[in-house]
Amino acid sequence: MADIFDVVADTTRRDILAVLLDRETSVPGSGGEISVSEIVATLGLSQPTVSKHLKVLREAGLVGVREKGQHRFYHLDRGPLEVIEDWLIPFVSSDAAADAATLAGAAASEPGLNDDQLALASRIGKAFAETAHQVTSVVGQKKRR
């Protein structure tokens, strides 16, 4: 099974998750279910592309599927996202940010780190922050309900 971060790192898969979240929160009584053809129409992607990404999301446990004849109806499964949220909380809390700033200051004063290493660490931190923000925005919808 793919690492959950690899799964949600893909823009198309995040877009599909957003469509599923929107269905869940905006269409009462739908059970959050949406057909593949509706996802295709919403995102303007081809059916094979959407199906390929839904398969990855399904294998990661991020979506569930209900089959009815030849039709497939997908819904969001929050379980794996809640695990990510629990893991991310220490990194995105204000105390963690202060600790990170203290560590960054200490690292900058260490004699063994050069400018290239500090620049690389900064790029890695920014990439992590962007991923954390995107995951938090999907998971955060749950808390607002």
Side-chain angles (χ1 to χ4, degrees), residues 1-108 113 115-145:
M1 180 164 99
D3 179 74
I4 192 82
F5 290 103
D6 290 334
V7 173
V8 297
D10 184 274
T11 304
T12 302
R13 290 192 281 269
R14 288 193 311 268
D15 290 344
I16 291 170
L17 290 172
V19 167
L20 293 170
L21 178 64
D22 182 60
R23 173 55 63 108
E24 183 180 272
T25 58
S26 66
V27 182
S30 70
E33 290 187 332
I34 186 170
S35 69
V36 175
S37 60
E38 289 176 280
I39 297 170
V40 166
T42 301
L43 297 177
L45 299 171
S46 70
Q47 187 275 329
T49 297
V50 170
S51 292
K52 174 186 79 164
H53 288 290
L54 283 168
K55 179 182 179 194
V56 173
L57 291 167
R58 189 176 63 247
E59 289 174 349
L62 290 167
V63 300
V65 63
R66 178 178 61 88
E67 299 180 15
K68 184 175 181 182
Q70 293 182 0
H71 300 284
R72 305 288 181 267
F73 297 90
Y74 285 86
H75 63 274
L76 185 62
D77 185 344
R78 294 177 180 273
L81 294 172
E82 290 170 354
V83 171
I84 291 174
E85 179 184 35
D86 292 343
W87 182 82
L88 282 175
I89 287 173
F91 294 96
V92 296
S93 72
S94 59
D95 291 339
D99 291 344
T102 301
L103 289 173
L113 297 176
D115 290 341
D116 290 338
Q117 291 168 322
L118 290 173
L120 175 61
S122 177
R123 287 194 305 271
I124 291 170
K126 287 177 185 176
F128 179 82
E130 173 64 20
T131 301
H133 172 72
Q134 292 166 348
V135 170
T136 302
S137 67
V138 171
V139 175
Q141 293 292 329
K142 174 187 171 197
K143 291 182 179 180
R144 290 182 217 148
R145 289 191 307 156

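- When all heavy atoms are compared, the tightest approach of Pro80 to Ala60 is CG-O, 3.8 Å.
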Thr11 and Arg14: CA distance, side-chain angles, deciding distance, side chain to side chain contact (heavy atoms under 4.5 Å, CB included) verdict: CA-CA 5 Å; Thr11 304; Arg14 288 193 311 268; 3.3 Å; yes
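- Checked by atom type and distance alone, the side chain of Arg23 never pairs as donor or acceptor with a backbone atom of Gly32 at under 3.5 Å.
- The shortest non-hydrogen separation linking Gln47 to Val40 is CA-CG2, 3.6 Å.
- Considering all non-hydrogen atoms of both residues, Val7 and Arg13 come closest at O-NE, 2.9 Å.
- Looking at Leu21 and Arg78, their side chains come closer than 4.5 Å, going by heavy atoms from C-beta outward.
- Atom CD of Glu67 sits about 11.0 Å away from atom CZ of Phe73, to the nearest 0.5 Å.
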From CA spacing to verdict: salt bridge (charged side-chain N to carboxylate O under 4.0 Å, His left out), Lys68, Glu33: CA-CA 12 Å; Lys68 184 175 181 182; Glu33 290 187 332; over 6 Å; no
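- Going from atom OG1 of Thr12 over to atom NE2 of His53 covers 4.0 Å, rounded to the nearest 0.5 Å.
- The only option from Leu62, Thr49, Ile39 that meets the side chain to side chain contact (heavy atoms under 4.5 Å, CB included) definition with Leu54 turns out to be Ile39.
- A 4.5 Å side-chain heavy-atom check between Val63 and Leu17 finds at least one atom pair inside the cut-off.
- A distance of 12.5 Å separates OG in Ser37 from CZ in Arg72, rounded to the nearest 0.5 Å.
- Distance check, rounded to the nearest 0.5 Å: CD1 of Ile4 to CD1 of Ile84 gives 4.5 Å.
- Looking at heavy atoms from C-beta onward, Val19 lies out of side-chain contact with Asp15 at the 4.5 angstrom threshold.
- Between Asp22 and Ile34, the closest side-chain pair of non-hydrogen atoms is not below 4.5 Å.
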